[in-house]
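Notes for the one structure printed next.
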Amino acid sequence: MQCQELLVQGLSVAMILGGVLHFICLMKSHAAYGRYVDTSGSSMMVPARLAWLLQELPALLVPLLLMLTTDGNDGIGRHLMLWTFCLHYFQRSCIYSLLTKGRPYPLNIMLSGAVFCSINGFLQAHYLLHCATYHSTWFSDACLLAGLIIFFIGMGINIHSDYILRSLRKPGDISYKIPRGGLFEYVSGANFFGEIVEWLGYAVATWSLPTFAFAFFTICFIGPRAYHHHRFYKEKFKDFPRSRKSLIPFIF
Ligand code: NDX
């Protein structure tokens, strides 16, 4: 398959614009899942485990499919970065989804999330497999090394923070408690902070428009979510730690 340069640029720009629109809407309102789910009964609900599996799986399957249907095994760099992407989505779709104790998830959000994950999986995989060129000295490149280190630090924070949230509930419980420990001592959105660090690291390592566009979208989508979670805790819990910030330790 040839590099579809215009498509890559178009999808990346659409993702950046989509990020800006989401940010504007989500600062005023909420993405209606989890604690902000619409309880009027107007949308069909899916068990959280199934929803996260089906929503996130396309971001793993589409790159794998593209890898299998791409001739030639040249380009270790592009495969390294694509496997890194797949590692995140293997964790999110096959491990996180099995373990989550979240409340039922709206079908319409699951479906639009699955469409988003399919398009993003295609964009990142197509760019890396068919468009990116990494020269032979790329492996000793400071951006690659720094980016990958940042990515794995972010992934560690994200997985650990999601584990802390899960540990707050017994099976069947869907109440909310104050998260404690790890980066939650500093921010209400520790899992979101980890996810953002991850994708910023990935963007630095690959140094490309599609990966920066996805990192930007992530900030725009889960940044406001961290802000609303923080407000929720402050309103609900009188003993909520005053020094804790929303998303960025000591700053915001
Ligand atoms: N999924 C990313 N727009 C999104 C789904 C929704 O992975 O159509 C973006 C993702 C999608 C969105 C996705 C893209 C844009 C869409 C949107 C829907 C509408 C929008 C498609 C794909 C759209 C148009 C129309 C323009 C196209 O009961 P509960 O569920 O609240 O329980 C929670 C529990 N918990 C607690 N338990 C006890 N006490 C407490 N205090 C608790 N606090 C939380 O922990 C959950 O079970 C769990 C985590 O909850 P929460 O709210 O902290 O995180 P959540 O938002 O559920 O994210 C889970 C993980 C997390 O690690 C996060 O970083 C990552 O997924 N994530 C999430 C969203 C997007 C994303 C990553 C990314 O952009 N990279």
Side-chain angles (χ1 to χ4, degrees), residues 14-15 17-26 29-37 43 45-49 51-60 85 88-89 91-93 95-97 99-121 124 154-170 172-180 183-184 187-200 202-203 211 213-230 232-233 236-237 240 246-247:
M15 195 175 291
L17 294 178
V20 173
L21 283 178
H22 275 86
F23 184 81
I24 293 168
C25 296
L26 293 175
S29 152
H30 312 285
Y33 68 93
R35 72 197 67 184
Y36 313 113
V37 78
S43 62
M45 306 300 282
V46 182
R49 290 182 176 178
W52 278 92
L53 172 71
L54 296 180
Q55 175 181 271
E56 307 286 318
L57 199 57
L60 173 65
F85 183 85
H88 171 92
Y89 279 102
Q91 196 286 129
R92 176 71 68 228
S93 59
I95 300 178
Y96 175 85
S97 69
L99 300 174
T100 181
K101 293 178 186 155
R103 55 185 63 207
Y105 200 87
L107 176 68
N108 59 340
I109 295 199
M110 184 199 93
L111 292 176
S112 41
V115 171
F116 176 89
C117 287
S118 309
I119 295 173
N120 188 42
Q124 306 303 336
M155 192 170 183
I157 294 172
N158 178 259
I159 291 175
H160 181 240
S161 307
D162 279 337
Y163 161 77
I164 290 178
L165 290 176
R166 244 182 351 259
S167 311
L168 294 172
R169 289 179 175 168
K170 296 206 165 65
D173 178 15
I174 51 163
S175 65
Y176 294 97
K177 301 173 184 75
I178 301 177
R180 302 204 187 261
L183 237 74
F184 281 111
V187 286
S188 297
N191 52 342
F192 301 134
F193 175 77
E195 180 100 19
I196 288 171
V197 169
E198 244 184 293
W199 294 117
L200 282 176
Y202 191 75
T211 50
F214 180 47
F216 180 76
F217 180 90
T218 299
I219 295 170
C220 292
F221 187 78
I222 59 181
R225 197 162 169 81
Y227 171 75
H228 288 301
H229 280 17
H230 187 63
F232 168 93
Y233 291 130
K236 188 172 164 69
F237 300 106
F240 187 72
S246 298
L247 182 65

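For ligands, and for the atoms within them, numbers begin at 1 and follow the listed sequence.
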Q: Please state whether the rings of Y105 and Y33 are parallel, tilted or perpendicular, taking 30° and 60° as the class boundaries.
A: tilted
Point to revise | Minimum side-chain heavy-atom gap K101-D173 below 4.5 Å | key: no
In this structure, atom 47 (O) of ligand 1 is nearest to the protein heavy atom G102 CA, 3.2 Å
The closest protein heavy-atom partner of atom 52 (O) of ligand 1 is H229 NE2, 2.8 Å
The protein heavy atom nearest to atom 39 (N) of ligand 1 is K177 N, 3.2 Å
Ligand 1 atoms nearer than 4.0 angstrom to some heavy atom of Y96 are 48 (C), 49 (C), 59 (C)
A student checking ligand 1 against E56 at a 4.0 Å heavy-atom cut-off should list atoms 1 (N), 7 (O), 10 (C)
*What do you reckon, does H22 put a non-hydrogen atom under 4.0 Å from ligand 1?*
yes
Quick look: R169 vs ligand 1, heavy-atom contacts under 4.0 Å, and the answer is side chain
Note: ligand 1 atoms sitting under 4.0 Å from heavy atoms of Y105 are 5 (C), 6 (C)
### Query
Can S175 be said to touch ligand 1, with heavy atoms closer than 4.0 Å?
yes
Practice problem: Please confirm whether F217 and F116 have ring centers closer than 6.0 angstrom. | Solution: yes
In ligand 1, the atoms that come under 4.0 Å of a heavy atom of G34 are 29 (P), 30 (O), 31 (O)
Short version for I222: what comes under 4.0 Å of ligand 1, heavy atoms counted, is side chain
Looking only at protein heavy atoms, what sits closest to atom 31 (O) of ligand 1 is Y176 OH, 2.5 Å
Residue pair S161, F193: steps toward the side-chain contact (heavy atoms from CB on, under 4.5 Å) verdict:
CA-CA 9 Å; S161 307; F193 175 77; over 6 Å; no
Logged contact type for T100 with ligand 1, heavy-atom cut-off 4.0 Å, is side chain
* Asked: F85 versus N120: any side-chain heavy-atom pair under 4.5 Å?
  -> yes
Any heavy atom of R103 under 4.0 Å from ligand 1? The part involved is both
* Asked: With a 4.5 Å limit on heavy-atom distance, are the side chains of V37 and M45 in contact?
  -> yes
Ligand 1 atoms nearer than 4.0 angstrom to some heavy atom of Q55 are 1 (N), 4 (C), 5 (C)
Closest to atom 11 (C) of ligand 1 (heavy atoms only, candidates F237, F232, F221) is F221
Notebook entry, point to check: Do L247 and I196 come within less than 4.5 Å of each other through their side chains, counting heavy atoms only?
Noted result: yes
Residues P58 and Q55: closest non-hydrogen pair is CD-O, 3.4 Å
The answer for which part of V115 has a heavy atom under 4.0 Å from ligand 1 is neither
request  = Compare all side-chain heavy atoms of Y96 with those of Y89 and state whether any distance is below 4.5 angstrom.
outcome  = no
Ligand 1 to N158, heavy atom cutoff 4.0 Å, flagged ligand atoms 62 (O), 64 (O)
Closest to atom 18 (C) of ligand 1 among protein heavy atoms sits I109 CG2, 3.5 Å
- Query: Heavy-atom distance from atom 23 (C) of ligand 1 to the protein below 4.0 Å?
  - Reply: yes
| Any ion pair linking R92 and E195 (charged N to carboxylate O, less than 4.0 Å)? | yes
Numbered in order shown, the ligand 1 atoms found under 4.0 Å of a heavy atom of R35 are 31 (O), 42 (C), 43 (N), 44 (C)
Ranked by distance from atom 74 (O) of ligand 1, the top protein heavy atom is T218 OG1, 3.6 Å
Check your understanding: Hey, are the side chains of F192 and H229 touching, using non-hydrogen atoms and a 4.5 Å cut-off?
Key -> yes
Side chain to side chain, F240 and H230, heavy atoms closer than 4.5 Å | yes
shortest atom 75 (N) of ligand 1-to-protein heavy-atom contact is with E195 OE2, 3.0 Å
Under 4.0 Å, counting heavy atoms only: does D162 come that close to any atom of ligand 1?
yes
Review point. So, for H160 and F184, is the gap between ring centers shorter than 6.0 Å?
Key: no
For residues 107-118, the side-chain hydrogen bond (donor to acceptor under 3.5 Å, both in side chains) pairs (sequence neighbours left out) are none
Heavy atom of R92, distance to ligand 1 below 4.0 Å | yes
Taking distance alone, with no angle check, do K101 and ligand 1 share an N/O pair under 3.5 Å? no
Review point. So do the side chains of R49 and L53 get within less than 4.5 Å of each other, counting heavy atoms only?
Key: no
Y233 heavy atoms within 4.0 Å reach ligand 1 at atoms 40 (C), 41 (N), 42 (C), 43 (N)
Would you find more than 12 non-hydrogen atoms of other residues, nucleotides or ligands less than 6.0 Å from Y227 atom OH? no
Ranked by distance from atom 53 (O) of ligand 1, the top protein heavy atom is N191 ND2, 3.0 Å
